[in-house]
**Q** 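Before anything else, here's the structure in question.
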Amino acid sequence: MRTGAGEAVGVLCLVSLLSALDYKYHHSEELEAYLKEVHAAHPALTHLHSIGRSVEGRDLWVLVLGRFPTQHKIGIPEFKYVANMHGDETVGREILLHLIEHLVTSYGRDPTITRLLNNTRIHIMPTMNPDGFEATVVPDCYYSRGRYNKNGEDLNRNFPDAFENNNNIIQPETQAVINWIKNETFVLSANLHGGALVASYTFDNGNSVTGTSNGYSRSPDDDVFIHLAKTYSFNHASMYKGTGCDSKQTFPDGITNGYSWYQLEGGMQDYNYVWGQCFEITLELSCCKYPPAEQLEKFWRDNKVALVEYIKQVHLGVKGQVTDKNGNPIPNAIVEAKGRPHICPYRTNEHGEYFLLLLPGKYVINATVPGFKSMLKTVDIPDNTANFSALKQDFSFPEVSVKPRLASCPRTPLYQELERSSAAVKPTLHILVLVIVTISIFK
């Protein structure tokens with residue numbers, strides 16, 4: 001469709017309007033006003049909604065950007081950025097506002113941004129802990145009570161944990177994010193923090209099953225996580241140097257396994273990976289948690305390229321649909337790459353879709369509809385991130401004409417259960433996955 005004169009004038013006015021976003025800290029009312037202005041100026045490119053409320057009743061705003069912002073479209077992966085879950089770690093909150101500005105003002109002008117938004121649905125949550133941010137009256141580089149929510153809880157210790165029972169009461173902000181993850185088909189994510197300069201990846205917690213005796217907690221997709229962390233660090237102005245924030249702590253290539261850095265129970269990135277089928281890393285963006293506002297412009301410049309390049313990685317690997325003999329989608333089918341089973345098997349969504357983030361190479365993809373014979377397909381995956389589309393590989397089950405029952409993975413410490421049973425029968429992760437699938441079918 002051609003752009004009319006009136007629409008062109010609107011674009012020019014919009015550029016003038018959005019250029020008003022300056023480099024300062026935006027409190028809740030200002031942040032909400034800005035997001036509403038962006039949506040009003042770009043109603044076809046954005047969708048603004050609240051996924052819930054904080055303890056003090058503040059909205060948890062999410063701005064969705066893309067060619068189809070209001071709903072999921074088959075074949076288009078979902079991506080998210082979340083910032084400020086520790087209220088006194090503030091840089092991520094502001095650079096996500098500038099990322100929004102960059103995306104909407106570049107759409108239709110910058111070919112890369114245009115293709116990115118045409119082929120990706122991007123969700124941006126500038127603050128997960130607005131109460132903590134507002135409670136931080138005196139900015140501090142190292143610590144303040146604003147880290148926590150209004151109930152004094154650390155939101156990054158508040159999620160269900162795959163390695164040990166997390167007895168903390170789930171907070172409203174945490175529950176809102178859990179529901180959000182459940183309702184979308186997120187493929188890739190990052191949460192933005194402060195207090196260090198490093199890209200940290202799963203697992204944050206661990207046990208002997210994931211190799212913690214060697215000081216490292218390895219996931220089945222460790223190679224992919226290393227690539228994701230390096231994608232950010234090497235596109236950042238200085239993170240890749242790995243010098244850290246003092247002479248005592250260095251991070252080779254600017255990345256670290258979360259457990260190797262320090263053990264963390266109830267973290268959001270592990271929850272995303274185990275129960276959300278979403279690869280998430282943690283980005284520590286500033287040595288000072290709450291730096292002076294005069295430094296925000298430099299922080300934006302340092303992170304601008306990395307933020308965009310990281311989003312592109314949502315197009316790694318392979319994607320497709322699983323259908324029955326009539327061409328109808330099969331939800332809850334299990335689709336995994338051979339040799340890297342997830343402790344909660346990755347399943348198709350309501351549209352029969354799956355997304356698997358994999359590095360370039362040859363893989364055997366196993367699609368399973370419970371009660372029927374599995375289907376194996378060998379794929380040679382290229383690096384398609386520059387083309388903004390993962391390799392497409394569909395599966396059709398000619399003998400299936402019914403949808404399998406809804407199955408969910410238990411919210412229990414699954415790796416702890418595996419570790420306990422290993423002393424008796426020494427099962428592999430493959431065996432535990434089979435047990436979990438069986439339980440889910442007959443539940």
Side-chain angles (χ1 to χ4, degrees), residues 72 74-75 77 162 182 185-187 209 219-224 273-279 316-382 384 389-412 414-415 417-418 421-422 425-443:
H72 177 74
I74 293 173
K182 182 180 179 180
T185 307
F186 288 120
V187 179
V209 175
S219 76
D221 297 292
D222 192 63
D223 57 339
V224 180
Y273 178 62
V274 173
W275 283 288
Q277 302 189 184
C278 175
F279 288 40
L316 275 174
V318 61
K319 65 182 180 181
Q321 273 187 294
V322 179
T323 56
D324 65 16
K325 65 180 182 181
N326 299 314
N328 298 314
I330 301 177
N332 303 309
I334 297 169
V335 184
E336 302 267 45
K338 192 174 180 181
R340 51 178 74 209
H342 300 103
I343 197 162
C344 285
Y346 279 23
R347 296 176 177 272
T348 55
N349 64 14
E350 63 180 314
H351 306 290
E353 288 178 289
Y354 74 92
F355 297 85
L356 294 177
L357 292 183
L358 297 164
L359 298 183
K362 186 168 287 189
Y363 299 87
V364 176
I365 308 301
N366 184 347
T368 303
V369 177
F372 296 88
K373 187 177 179 181
S374 295
M375 188 176 294
L376 303 177
K377 291 193 177 183
T378 301
V379 295
D380 198 352
I381 296 176
N384 267 352
S389 177
L391 177 71
K392 195 170 188 298
Q393 179 62 68
D394 294 331
F395 291 85
S396 178
F397 282 80
E399 71 276 24
V400 179
S401 60
V402 294
K403 295 180 180 179
R405 291 181 181 180
L406 178 65
S408 60
C409 199
R411 298 290 174 88
T412 56
L414 300 170
Y415 277 100
E417 294 167 15
L418 178 57
S421 62
S422 65
V425 296
K426 297 195 179 298
T428 64
L429 182 56
H430 298 72
I431 294 174
L432 184 65
V433 168
L434 181 61
V435 171
I436 293 170
V437 171
T438 305
I439 293 173
S440 299
I441 292 171
F442 293 102
K443 192 175 180 180

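Everything numeric in this text was worked out from a predicted model, so none of it was measured.
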**Q** For Leu414 versus Cys409, what's the shortest heavy-atom pair and its separation?
**A**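 Looking at all heavy atoms of both residues, the closest pair is CD1-SG, 3.6 Å.
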**Q** For Asn349, check side-chain hydrogen bond (donor to acceptor under 3.5 Å, both in side chains) against everything at least two apart and list the hits.
**A**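 side-chain hydrogen bond (donor to acceptor under 3.5 Å, both in side chains) list for Asn349, sorted by chain: Thr185, Glu353.
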**Q** Sequence neighbours excluded and cut-off under 3.5 Å, please list the side-chain donor-acceptor pairs for residues 355-369, or say none.
**A**
residue : atom : partner : partner atom : Å
Tyr363  : OH   : Leu359  : O            : 2.8
Asn366  : OD1  : Thr368  : OG1          : 3.2
Thr368  : OG1  : Ser374  : OG           : 2.8

**Q** Which atom names give the shortest non-hydrogen contact between Gly352 and Pro329, and what distance separates them?
**A**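 Smallest heavy-atom distance, with atoms named: N-CB, 3.7 Å.
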**Q** Taking side-chain hydrogen bond (donor to acceptor under 3.5 Å, both in side chains) as the definition, give me every residue that meets it alongside Thr412, ordered by chain and number, with sequence neighbours left out.
**A**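 Once residues adjacent in sequence are excluded, the partners of Thr412 under the side-chain hydrogen bond (donor to acceptor under 3.5 Å, both in side chains) criterion are Glu417.
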**Q** State whether the side chain of Asn326 and the backbone N or O of Asn328 hold a donor-acceptor pair below 3.5 Å, judged by distance alone.
**A**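 A pair under 3.5 Å: no.
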**Q** Can you tell me how far OG of Ser219 sits from NE2 of His342, rounded to the nearest 0.5 angstrom?
**A**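 Spacing of NE2 (His342) from OG (Ser219) equals 7.5 Å.
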**Q** So which atom in Ala333 and which in Val322 form the shortest heavy-atom distance, rounded to 0.1 Å?
**A**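 Shortest heavy-atom separation between Ala333 and Val322 comes out as CB-CG1, 4.1 Å.
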**Q** Are Lys373 and Phe397 close enough, and set up right, to give a side chain to side chain contact (heavy atoms under 4.5 Å, CB included), and what steps lead you there?
**A** CA-CA 9 Å; Lys373 187 177 179 181; Phe397 282 80; over 6 Å; no
**Q** Sequence neighbours left out, what passes salt bridge (Lys or Arg N to Asp or Glu O under 4.0 Å) with Lys392? Give chain and number order.
**A**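 Checked Lys392 against salt bridge (Lys or Arg N to Asp or Glu O under 4.0 Å); matches are Asp394.
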**Q** How close do Pro345 and Ile343 get, counting heavy atoms only, and between which atoms?
**A**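 Where Pro345 meets Ile343 most closely, the heavy atoms are CD-O, 3.6 Å.
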**Q** Ignoring hydrogens, what is the shortest heavy-atom contact between Gly75 and Pro77? Give both atom names and the distance.
**A**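 Here Gly75 and Pro77 meet closest at O-CD, 3.5 Å.
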**Q** Check the pair Val274, Cys344 against side chain to side chain contact (heavy atoms under 4.5 Å, CB included), reporting the backbone distance first and the verdict last.
**A** CA-CA 6 Å; Val274 173; Cys344 285; 4.0 Å; yes
**Q** Let me confirm one number: the CG-CZ distance from Asp222 to Arg340, rounded to the nearest 0.5 Å.
**A**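 Reported to 0.5 Å precision, the distance equals 9.5 Å.
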**Q** What residues form a side chain to side chain contact (heavy atoms under 4.5 Å, CB included) with Lys377, not counting sequence neighbours?
**A**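 Result, side chain to side chain contact (heavy atoms under 4.5 Å, CB included) vs Lys377: Met375, Gln393, Phe395.
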**Q** Return the set of residues passing side chain to side chain contact (heavy atoms under 4.5 Å, CB included) with Gln277 (not counting sequence neighbours), or none when no residue passes.
**A**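 Listed in chain order: Tyr346, Arg347.
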**Q** Which atom names give the shortest non-hydrogen contact between Pro220 and Tyr415, and what distance separates them?
**A**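 Nearest heavy atoms, Pro220 then Tyr415: CD-OH, 4.2 Å.
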**Q** May I ask you to decide if Ile330's main-chain N or O and Thr348's side chain share a donor-acceptor pair within less than 3.5 Å?
**A**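 Yes; judged by distance alone, with no hydrogens or angles, the pair exists.
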